[in-house]
Amino acid sequence: MSWRSEHIWIELIPGSRKQSNFGWALILFLGSLGFLLVGISSYLGRNWISFFPAQKILFFPQGIVMSFYGISGLFISSYLWCTILWNVGSGYDQFDRKKGIVCIFRWGFPGINRRIFLRFQIKDIRSVRIEVKEGIYARRVLYMDIQGQRVIPLTRTNDNLTPGEIEKKAAELAYFLRVPIEVF
């Protein structure tokens, strides 16, 4: 989502609160909980899950392995739920031609560097850069090349923008900032 006027362009960046992340976190949680319950029920010799008879699964080695998979899956699932809760990666890009300033803000993981805030002068922007890698895992990322600094990504690597969409976005931004476009 973005908002534009004659002198200001604000681009809101969605973070980790995407439907796919909710789905993967839920699937991983339920699957790892199932593995853990099967491992515990094989240890206790009780049927906690009806379609896995505990008598057919020996605790050593199958029950231990399933318990390990269940516990490790719960840790990974809790990591995903925390990134969703903290909305890691969300923020905004603000381009202000009137003041000549570009502000980039992102939320990170809790801690000292939770707020990531970068501020640049528009006159220091050398170009808007498009990186295109085609193949099985196509990657199209939009960067901003800052003089004396490193390049700063403006889109995520997993946005899966089509070539037309990334070109249009780069052309609009380059026109707004009055800088050239580079393709890599």
Task: Greater than 12 external heavy atoms within 6.0 Å of Phe75's CZ - done: no
Task: Residues forming a salt bridge (Lys or Arg N to Asp or Glu O under 4.0 Å) with Glu134, sequence neighbours excluded - done: Arg140
Open item on the list: The criterion is salt bridge (Lys or Arg N to Asp or Glu O under 4.0 Å); which residues satisfy it with Lys133, sequence neighbours excluded?
Closed with: Glu131
- [ ] For the residue pair Ser16 and Asn87, establish whether any side-chain heavy-atom pair is separated by less than 4.5 Å.
- [x] yes
Task: N/O donor-acceptor pair under 3.5 Å between Asp145 side chain and Val128 backbone - done: no
TODO: Measure the spacing between CZ of Phe109 and OH of Tyr79 and express it to the nearest 0.5 Å.
DONE: 3.5 Å
Open item on the list: Within the supplied structure, the quantity of interest is the number of heavy atoms (other residues, nucleotides, ligands) at a distance under 6.0 Å from Tyr43 OH; does it exceed 12?
Closed with: no
- [ ] Measure the spacing between CG of Leu28 and CG of Asn21 and express it to the nearest 0.5 Å.
- [x] 11.5 Å
Task: same_hphob_cluster(Ile125, Val141) at 4.5 Å side-chain heavy-atom cutoff - done: no
Between side-chain atoms of residues 169-179 and protein atoms elsewhere (two or more places apart, or another chain), which donor-acceptor pairs fall under 3.5 Å?
unit_1	atom_1	unit_2	atom_2	d
Glu172	OE1	Arg4	NH2	3.2

Task: Note, Trp81 side chain near Phe22 side chain (heavy atom, < 4.5 Å) - done: yes
Task: Side-chain heavy-atom pair Phe29, Leu74 within 4.5 angstrom cut-off - done: yes
TODO: Consider only side-chain heavy atoms of I, L, V, M, F, W and Y, link residues closer than 4.5 Å, and tell whether Leu37 and Ile64 are in one cluster.
DONE: yes
Task: Sequence neighbours excluded, every pair satisfying side chain to side chain donor-acceptor pair (under 3.5 Å) that has a member inside residues 102-125 - done: Asp93-Arg106
- [ ] Enter the distance from Ile8:CD1 to Phe95:CZ here, rounded to the nearest 0.5 Å.
- [x] 12.5 Å
TODO: Identify the two heavy atoms, one from Met144 and one from Ile104, that lie closest to each other, and give their separation to 0.1 Å.
DONE: CE-CD1, 3.5 Å
Task: Interatomic distance, Glu165 atom CD to Leu142 atom CG [nearest 0.5 angstrom] - done: 12.5 Å
TODO: Mind listing the closest non-hydrogen atom pair of Ala25 and Ser77 along with its distance?
DONE: O-OG, 3.4 Å
Enumerate, atom names and distances included, each donor-acceptor pair closer than 3.5 Å involving a side-chain atom of residues 146-153, sequence neighbours excluded.
none

Open item on the list: Working to the nearest 0.5 angstrom, can you tell me the gap between His7 NE2 and Lys99 NZ?
Closed with: 12.5 Å
Task: Backbone of Glu182 reached by a side-chain donor or acceptor of Ser127 within 3.5 Å - done: no
Task: Crowding at NZ, Lys18 (>12 non-hydrogen neighbours, <6.0 Å) - done: yes
Task: Any side-chain heavy-atom pair of Leu118 and Val102 under 4.5 Å - done: no
Open item on the list: Test of understanding: clusters of I, L, V, M, F, W, Y form through side-chain heavy atoms closer than 4.5 Å, transitively. Do Ile76 and Val88 belong to the same one?
Closed with: no
Open item on the list: Rounded at 0.5 Å granularity, tell me how far CD1 in Ile71 sits from CZ in Phe35.
Closed with: 13.0 Å
Open item on the list: Assigning hydrophobic clusters by single linkage (Ile, Leu, Val, Met, Phe, Trp, Tyr; side-chain heavy-atom cutoff under 4.5 Å), is Met66 placed with Ile40?
Closed with: yes
TODO: Answer yes or no: are there more than 12 heavy-atom neighbours, outside Phe60 itself, under 6.0 Å from its atom CZ?
DONE: no
Task: side chain to side chain donor-acceptor pair (under 3.5 Å) pairs, two or more places apart, involving residues 61-73 - done: none
TODO: Would you kindly confirm whether Ile57 and Phe59 end up in one hydrophobic cluster when ILVMFWY residues are joined by side chain heavy atoms under 4.5 Å apart?
DONE: yes
